[in-house]
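Just so you know, these numbers use all the heavy atoms, side chains as well, and skip hydrogens, waters and symmetry mates. A, B, ... follow the sequence lines: proteins, then strands. Residue 1 opens every chain.
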Amino acid sequence: MSPVGTRPRSPLPLRDMADTRTLLVEAVRRALDGMGVDASFEVVVERSARPEFGDWSSPAALGLARILRRAPAAIAAELTESLEAARVSRVRAWTVTPPGYVNAHLDDRTWTEAVLGSATDLEATGSDDLPKDAAAAAGKTLVEHTATNPNKAAHIGHLRNACIGDTVARVLRRTGHTVEVNNYIDDTGVQVADVVVGIRELGIEQQPGEPFDQYCSRVYIAVSARYQSDPALLEQRRAVLREVEEGGNETAVFVKDVARRIVNAHLATMRRFDIAYDLLTWESDIIGLGFWRQAFELLRESEAIVFVESGKLAGCWVMPAEGNDDEGDDDTKVLVKSDGIATYTAKDIAYQLWKFGLLGRDFFYVPWEGNPTLMTTSALPQQGASTSHFGHAQRVINVIDARQAYPQRVVQRALRRLHHKREADNSIHLSYEVVALTPAAAAELGVAIEEGRDSVALSGRRGIEVRADDLLDRAIARLTANARDAAGATVVAAGAVRYYLLKFSLNQIIAFDFDEALRVTGDTGVYLQYAHARAAGILRKVSDDGQSIEVPSELHPAERELLHSIEAYSRALTETALALSPSLLTTYAFGLASAFSDFYEHTPAVVREEDAAMRRYRRALVAATRATLADALHTLGMAAPDQV
RNA sequence: GGCCCCGUAGCUCAGUGGAUAGAGCGGCGGUUUCCUAAACCGUGCGCGCAGGUUCGAUUCCUGCCGGGGCUACCA
């Protein structure tokens with residue numbers, strides 16, 4: 001591990017990060033002001049399509065042709081003249097290319113000095129160097145992720161959720177946000193009840209050495225199958241759920257204990273991927289502390305929910321469709337079943353109200369199983385103080401797969417009906433698509449593929465899954481052959497799996513394939529970490545002589561691209577934070593690693609550079625790359641090893 | 001039926017209202033007296049279809065086609 005890896009992440013020093021693109025946008029803006037162009041005209045500046053055009057180009061003149069009723073080329077010429085007169089820093093020359101692009105050619109010396117300086121700042125950033133942007137003033141963002149049902153081992157679908165949530169939290173923290181991460185434990189739901197029924201009724205024994213979560217997975221599959229042949233068993237499930245809802249009985253204690261042991265297994269699994277939480281929130285505590293009762297009263301008083309007297313929903317409390325029109329029963333959500341038990345969505349509404357501090361109630365909090373950095377909610381006042389820094393968020397991000405879009409809309413609707421419009425608007429369902437198995441992966445698992453389909457959905461209930469721990473173990477095994485040591489293989493393997501699950505767009509279904517997930521070449525986490533190790537290797541061999549850096553007047557094309565990529569980091573980070581989309585950052589990081597590999601292969605070896613000034617400059621370029629890549633890797637939740 | 005997502009190269013996927021749409025994998029052919037070859041280089045006429053908006057659309061809008069999901073007194 002790099003020493004940088006152990007340093008706590010601190011926000012970017014945004015005030016000194018004026019990147020070249022921003023300077024150019026401002027310069028073009030000023031020039032257009034002088035030409036009488038309205039301030040509402042959006043100035044676009046982007047990387048030039050081809051190197052011979054320059055470094056940065058703006059199509060502003062194209063869009064202005066119609067507005068100014070002049071030829072684009074003429075506008076571009078005038079714009080260029082104005083820009084030349086303004087003597088924009090870092091720009092060596094302005095050119096125009098048909099049909100009217102204005103191109104900036106950078107002054108390599110001043111531009112490079114600025115980029116290397118920023119990257120050095122990146123490395124030197126201290127924790128007291130707080131950003132001054134609006135993001136930090138926005139208050140706390142609460143991120144809920146993982147929330148795996150506590151009844152089975154975590155599989156790659158759960159791991160995708162956790163990697164997305166953990167990375168989003170890291171990106172937000174890196175860009176100056178205050179973040180609280182919750183992991184919600186649904187310990188009063190059907191799934192955990194199923195396992196309890198199975199343990200009690202099926203007589204399945206835990207094998208010697210078998211992890212508890214894997215044992216429960218077996219029980220879960222078995223009991224699910226048994227329901228088909230023995231529907232009477234479903235009555236057992238109902239009984240368990242009833243007793244859990246009532247609490248204070250032997251079954252409730254047993255369920256809680258099963259959940260506790262599974263949660264520990266999940267925490268251990270996620271820990272292997274460097275995923276951690278601030279707070280475990282238990283559904284049973286939401287019930288036990290009367291959160292739902294309170295939420296129910298609020299909803300009833302504001303008439304957001306109504307009691308159904310007749311029809312197929314007779315005896316239920318429901319939230320009617322938006323706008324109380326005649327959309328039909330389609331959009332009517334049952335919150336309290338006719339047997340008096342609240343649905344999952346109902347409890348989620350209470351939880352969401354708590355997240356914003358709108359419930360007027362709070363949990364009690366205690367450390368989780370002696371863990372000093374992880375807290376858990378509690379319903380028992382004698383165990384802890386009720387005053388806490390948890391909850392009371394200004395923004396809530398729920399990382400939940402796309403299949404739950406509807407219930408998430410219901411939660412938002414509930415906030416609106418309670419006249420919490422701002423909180424409803426700040427309730428973000430960070431939706432992502434599921435992980436499915438390719439035919440090849442299904443075949444490897446011995447799972448039949450349905451006629452006419454090209455993928456198989458994961459199903460813990462049916463045992464169609466790839467366990468997160470198993471995937472990591474396979475990745476470790478794959479990497480151990482080439483790794484320096486076992487610890488190195490573990491770190492790289494975890495990063496590789498994380499990268500694989502993060503690089504897809506959120507609304508893209510991951511077609512999971514073993515060969516693809518375990519590959520160690522090409523667009524993989526291994527490639528990024530290898531690039532970092534190469535850079536670190538150079539820095540080990542070429543020491544910093546402490547003298548000031550002289551940038552050559554002309555750059556090698558590979559150096560130029562590398563500098564552009566380094567400079568783009570700040571923007572990649574802020575855009576990732578804005579879009580809440582980790583794949584933007586993986587794409588960026590791969591681009592940076594590629595640019596460095598290109599530099600490495602196509603320019604002379606830095607360690608053999610004879611000229612001291614040149615060696616100093618090129619070392620600084622490598623150092624800037626390493627610092628930037630390490631920062632990106634850590635923000636993605638990956639290690640930045642100095643050697644692999 | 002209604003709502004949501006997807007459709008880009010053989011495969012898996014990026015990408016953007018702007019100039020000649022990219023990467024990885026697979027295939028074929030190369031690179032190692034040189035900082036780690038987990039690397040690099042060469043080899044590719046592909047934005048589902050049809051309209052519309054625009055100076056400019058793969059990107060925005062509408063319709064259609066194909067695939068997936070949601071629409072439970074499950075979570």
Side-chain angles (χ1 to χ4, degrees), chain A residues 44 46 48-50 53 57-59 62-66 72 97-101 147 149 186 188-192 194 283 308 312-318 327-331 333-341 343-345 347-348 401-407 409 431-434 436 438 440 452-455 457 479 481-484 492 496 503-511 513 515-516 519-524 526-527 529-531 533-542 583-584 586-587 590-591 594 597-598 600-609 618 622 643-644:
Chain A
V44 173
E46 56 203 352
S48 304
R50 298 159 67 177
F53 293 155
S57 301
S58 176
L62 274 51
L64 286 169
R66 183 186 179 83
T97 44
Y101 287 92
N149 271 307
D186 177 16
T188 70
V190 166
Q191 299 206 19
V192 68
D194 284 336
E283 191 175 44
V308 180
K312 66 173 183 174
L313 298 180
C316 300
W317 285 89
V318 305
E327 286 177 41
D329 288 342
D330 252 0
D331 206 28
K333 184 67 187 171
V334 172
L335 296 183
V336 181
K337 298 184 278 185
S338 56
D339 62 4
I341 292 178
T343 61
Y344 178 89
T345 303
K347 298 163 198 170
D348 218 14
D401 77 54
R403 295 172 304 185
Q404 292 194 50
Y406 171 60
R409 276 199 302 277
S431 172
Y432 65 93
E433 275 293 350
V434 296
T438 57
R453 284 188 164 256
D454 53 10
S455 70
L479 287 158
N482 291 329
R484 183 169 292 266
V492 175
K503 74 174 185 175
F504 296 86
S505 301
L506 293 180
N507 45 18
Q508 190 76 247
I509 294 173
I510 295 181
D513 181 79
D515 291 339
E516 193 64 23
R519 195 157 48 75
V520 300
T521 62
D523 183 8
T524 64
V526 177
Y527 178 91
Q529 294 175 312
Y530 182 71
R534 272 182 156 179
I538 292 170
L539 298 179
R540 264 199 309 278
K541 291 180 177 130
V542 184
S583 66
L584 296 183
T586 57
T587 300
F590 178 63
S594 298
S597 291
D598 197 38
Y600 183 92
E601 295 283 349
H602 303 293
T603 63
V606 177
V607 299
R608 292 178 203 285
E609 180 59 55
R618 301 193 76 230
V622 173
Q643 300 181 339
V644 295

Peer 1: Please measure how far the C1' atom in rG66(B) lies from the corresponding atom in rC25(B), and state the result in whole Å.
Peer 2: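 To the nearest whole Å, 25 Å.
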Peer 1: So what does Thr343(A) touch, heavy atoms closer than 4.0 Å: a base, only the sugar-phosphate, or nothing?
Peer 2: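 Sugar-phosphate, no base atom in range.
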Peer 1: In whole Å, what is the span from the CZ atom of Arg519(A) to the P atom of rC25(B)?
Peer 2: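 To the nearest whole Å, that distance equals 6 Å.
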Peer 1: State the pairing partner of rG17(B); accept Watson-Crick or G-U wobble contacts with both distances under 3.5 Å, and report none otherwise.
Peer 2: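 In the structure as shown, rG17(B) has no Watson-Crick or wobble partner.
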Peer 1: Any side-chain N or O of Ser455(A) below 4.0 angstrom from OP1/OP2 of rG68(B)?
Peer 2: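 So the side-chain polar atoms of Ser455(A) never come under 4.0 Å of the phosphate oxygens OP1 or OP2 of rG68(B).
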Peer 1: Taking 4.0 Å as the cut-off, does a side-chain nitrogen or oxygen of Gln508(A) come that near to OP1 or OP2 on rG68(B)?
Peer 2: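 Checking Gln508(A) against rG68(B): no side-chain N or O falls below 4.0 Å of OP1 or OP2.
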Peer 1: Taking 4.0 Å as the cut-off, does a side-chain nitrogen or oxygen of Asn149(A) come that near to OP1 or OP2 on rA75(B)?
Peer 2: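 Answer is no, no contact under 4.0 Å.
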Peer 1: Just to be sure I understand the rule, does Pro99(A) reach a base, reach only the sugar-phosphate, or reach nothing, if contact means heavy atoms closer than 4.0 Å?
Peer 2: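 Pro99(A): no heavy atom of the nucleic acid under 4.0 Å.
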Peer 1: Using 0.5 Å steps for rounding, measure from the OH atom of Tyr432(A) to the OG atom of Ser583(A).
Peer 2: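 Taking OH in Tyr432(A) and OG in Ser583(A), the distance rounds to 15.0 Å.
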Peer 1: Using OP1 and OP2 only, check whether a side-chain N or O of Tyr406(A) sits under 4.0 Å from rA72(B).
Peer 2: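 For Tyr406(A), the contact criterion (side-chain N or O under 4.0 Å from OP1 or OP2 of rA72(B)) is not met.
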Peer 1: Looking across every strand, which nucleic acid part, if any, lies under 4.0 Å from Ala436(A) by heavy atom: base, sugar-phosphate, or nothing?
Peer 2: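 Here Ala436(A) touches no strand at all.
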Peer 1: Nearest heavy atom decides the nucleotide; on that basis, is Phe53(A) or Asn482(A) closer to the 5' end of RNA chain B?
Peer 2: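 On the 5' side of the pair lies Phe53(A).
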Peer 1: Round to the nearest Å and state the distance from Gln404(A) atom CD to rG68(B) atom P.
Peer 2: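 Going from Gln404(A) (CD) to rG68(B) (P), I get 21 Å.
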Peer 1: Whom does rG63(B) pair with, Watson-Crick or G-U wobble, provided both distances fall under 3.5 Å?
Peer 2: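 Pairing partner, where one exists within any strand: rC49(B).
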Peer 1: Quantified in whole Å, what is the P atom distance between nucleotide rG26(B) and nucleotide rG68(B)?
Peer 2: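 It works out to 29 Å between them.
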Peer 1: Determine the interatomic distance between P on rG48(B) and the same-named atom on rC13(B); round to the nearest Å.
Peer 2: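 Between the two P atoms, the distance is 15 Å.
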Peer 1: Using 0.5 Å steps for rounding, measure from the OG1 atom of Thr438(A) to the CG atom of Asp513(A).
Peer 2: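 So the OG1 of Thr438(A) and the CG of Asp513(A) are separated by 4.0 Å.
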Peer 1: Expressed in angstrom and rounded to an integer, what is the separation of Tyr432(A) atom OH from rG69(B) atom P?
Peer 2: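 These atoms are roughly 16 Å apart.
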Peer 1: Assign Val190(A) to base, sugar-phosphate, or nothing according to its heavy-atom contacts below 4.0 angstrom with the strands shown.
Peer 2: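 It contacts sugar-phosphate atoms only.
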Peer 1: Return the nucleotide paired to rG24(B): Watson-Crick means purine N1 to pyrimidine N3 with N6-O4 or O6-N4, wobble means G-U with N1-O2 and O6-N3, both under 3.5 Å.
Peer 2: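 Result: rC11(B).
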Peer 1: Provide the distance between the two P atoms, one in rC5(B) and one in rC60(B), to the nearest whole Å.
Peer 2: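 My reading of the P atoms in rC5(B) and rC60(B) gives 11 Å.
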Peer 1: Does rG1(B) have a Watson-Crick or wobble partner in any strand here, with both distances under 3.5 angstrom, and which is it?
Peer 2: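 Result: rU71(B).
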Peer 1: Would you sort out whether Val526(A) and Thr521(A) count as a side chain to side chain contact (heavy atoms under 4.5 Å, CB included), showing the intermediate values?
Peer 2: CA-CA 7 Å; Val526(A) 177; Thr521(A) 62; over 6 Å; no
Peer 1: Once you apply a heavy-atom cut-off of 4.0 Å, does Thr603(A) come out as touching a base, just sugar-phosphate, or nothing?
Peer 2: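 Thr603(A): base contact, heavy atoms under 4.0 Å.
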Peer 1: May I ask you to evaluate whether Arg534(A) reaches the phosphate of rA37(B), defined as a side-chain N or O under 4.0 Å from OP1 or OP2?
Peer 2: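 True: Arg534(A) side-chain N/O within range (under 4.0 Å) of rA37(B) OP1/OP2.
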Peer 1: Got a sec, which residues hit side chain to side chain donor-acceptor pair (under 3.5 Å) with Glu283(A), two or more places apart in sequence or on another chain?
Peer 2: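 Glu283(A): side chain to side chain donor-acceptor pair (under 3.5 Å) contacts with Tyr184(A), Thr188(A).
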Peer 1: Going by purine N1 to pyrimidine N3 plus the second Watson-Crick contact, or the G-U wobble pair, all under 3.5 Å, which nucleotide sits opposite rA38(B)?
Peer 2: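 Its partner: none found.
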Peer 1: Write down the distance separating the P atoms in rA21(B) and rU12(B), rounded off to the nearest Å.
Peer 2: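 Comparing P positions in rA21(B) and rU12(B) gives a spacing of 23 Å.
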Peer 1: I need the CZ-C1' distance between Arg66(A) and rU54(B), as an integer number of Å.
Peer 2: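 Taking CZ of Arg66(A) and C1' of rU54(B), I get 8 Å after rounding.
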Peer 1: When rounded to the nearest 0.5 angstrom, what distance separates CD in Glu516(A) from CG in Asp523(A)?
Peer 2: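 It comes to 8.5 Å.
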Peer 1: Could you tell me whether the side chain of Ser583(A) has a donor or acceptor atom within less than 3.5 Å of a complementary atom in the base of rA14(B)?
Peer 2: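 No, the side chain and the base share no sub-3.5 Å donor-acceptor pair.
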Peer 1: Please name all residues satisfying salt bridge (Lys or Arg N to Asp or Glu O under 4.0 Å) with Asp401(A), sequence neighbours left out, ordered by chain then number.
Peer 2: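 Partners of Asp401(A) under the salt bridge (Lys or Arg N to Asp or Glu O under 4.0 Å) test: Arg403(A).
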Peer 1: For the pair made of OH in Tyr600(A) and C1' in rC34(B), what is the distance, rounded to whole Å?
Peer 2: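 After rounding, the gap between these two atoms is 9 Å.
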Peer 1: Categorize Val434(A) for me: base, sugar-phosphate, or nothing, with a 4.0 angstrom heavy-atom threshold over every strand shown.
Peer 2: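 Answer is nothing: Val434(A) stays at 4.0 Å or more from every strand.
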Peer 1: If the C1' atom of rA38(B) is compared with that of rU33(B), how far apart are they to the nearest Å?
Peer 2: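 It works out to 23 Å between them.
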Peer 1: Which value, rounded to the nearest 0.5 Å, describes the distance between Ser58(A) atom OG and Glu46(A) atom CD?
Peer 2: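 The distance works out to 7.5 Å.
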Peer 1: Closest to the Ala605(A) side chain: rC70(B), rC35(B), rC40(B)?
Peer 2: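 The nucleotide sitting nearest to the side chain is rC35(B).
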Peer 1: Kindly compute the distance separating CG (Asn149(A)) from OH (Tyr344(A)), expressed to the nearest 0.5 Å.
Peer 2: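 So the gap between those two atoms works out to 7.5 Å.
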Peer 1: Quote, to the nearest angstrom, the P distance that separates rC41(B) from rU53(B).
Peer 2: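 Each nucleotide's P atom is 44 Å from the other's.
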Peer 1: Give the rounded distance in Å between these two atoms: CD of Glu46(A) and P of rG22(B).
Peer 2: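 Atom-to-atom, Glu46(A) to rG22(B), this comes out as 14 Å.
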Peer 1: With Lys503(A) as reference, evaluate Ile510(A), Thr587(A), Thr586(A) under the side chain to side chain contact (heavy atoms under 4.5 Å, CB included) test and give the passing residue.
Peer 2: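 Going through Ile510(A), Thr587(A), Thr586(A) one by one, the side chain to side chain contact (heavy atoms under 4.5 Å, CB included) with Lys503(A) is satisfied by Thr586(A) alone.
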Peer 1: Below the 4.0 Å mark, does rC74(B) have OP1 or OP2 next to a side-chain nitrogen or oxygen of Lys337(A)?
Peer 2: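 For rC74(B), OP1/OP2 do have a side-chain N/O of Lys337(A) under 4.0 Å.
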Peer 1: When you compare rG27(B) with rG2(B), how far apart are their P atoms, in angstrom units rounded to a whole number?
Peer 2: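 It works out to 46 Å between them.
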Peer 1: Please determine, for the side chain of Val526(A), which listed nucleotide (rA19(B), rA38(B), rC40(B)) has the closest atom?
Peer 2: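 Per side-chain heavy atoms of Val526(A), the pick is rA38(B).
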Peer 1: Answer with base, sugar-phosphate or nothing: what part of the nucleic acid does Gly591(A) contact at a heavy-atom distance below 4.0 Å?
Peer 2: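 The answer is nothing, as Gly591(A) stays clear of every strand by at least 4.0 Å.
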Peer 1: Closest to the Leu584(A) side chain: rG15(B), rU12(B), rA75(B)?
Peer 2: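 The listed nucleotide nearest to Leu584(A)'s side chain is rG15(B).
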Peer 1: Give one of base, sugar-phosphate or nothing for Leu479(A), where a contact means two heavy atoms less than 4.0 Å apart.
Peer 2: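 Leu479(A): base contact, heavy atoms under 4.0 Å.
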Peer 1: Look at the side chain of Ser597(A) against the base of rC40(B) and say whether a donor-acceptor pair falls under 3.5 Å; ignore hydrogens and angles.
Peer 2: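 Between rC40(B) and Ser597(A), which were checked side chain against base, a qualifying N/O pair under 3.5 Å is absent.
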Peer 1: Take Ile510(A) and Arg453(A), find for each the nucleotide of RNA chain B with the closest heavy atom, and name the residue whose nucleotide sits nearer the 5' end.
Peer 2: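 Of the two residues, Ile510(A) wins.
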Peer 1: Rounding to a whole Å, what distance do you find between Leu62(A):CG and rA57(B):P?
Peer 2: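 For the pair Leu62(A) CG and rA57(B) P, the rounded distance is 12 Å.
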Peer 1: With side chain to side chain contact (heavy atoms under 4.5 Å, CB included) as the test, pick out the partner of Arg618(A) among Val607(A), Ile538(A), Val542(A), Val606(A).
Peer 2: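 Option passing the side chain to side chain contact (heavy atoms under 4.5 Å, CB included) with Arg618(A): Val606(A).
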Peer 1: Mind checking Thr521(A) for me? I need base, sugar-phosphate or nothing, with any heavy atom below 4.0 Å counting as a touch.
Peer 2: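 Sugar-phosphate, backbone atoms only, no base.
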Peer 1: Just call it for Val334(A): base, sugar-phosphate, or nothing, with non-hydrogen atoms closer than 4.0 Å on any strand.
Peer 2: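 Sugar-phosphate contact only.
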Peer 1: When we call it a touch if two heavy atoms are under 4.0 Å apart, what does Asp598(A) touch: a base, just sugar-phosphate, or nothing?
Peer 2: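 Answer is sugar-phosphate: Asp598(A) comes under 4.0 Å of backbone atoms only.
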Peer 1: Starting at atom OH of Tyr527(A), determine the distance to atom C1' of rC13(B), rounded to an integer number of angstrom.
Peer 2: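 Answer to the nearest Å: 17 Å.
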Peer 1: Please pick, from rC13(B), rC35(B), rA39(B), the nucleotide with the shortest atom-to-atom distance to any side-chain atom of Ala511(A).
Peer 2: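 The listed nucleotide nearest to Ala511(A)'s side chain is rC13(B).
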Peer 1: For rG15(B) and Ser505(A) - does any side-chain N or O of the residue sit under 4.0 Å from the phosphate oxygens OP1/OP2?
Peer 2: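 Answer is yes, contact under 4.0 Å.
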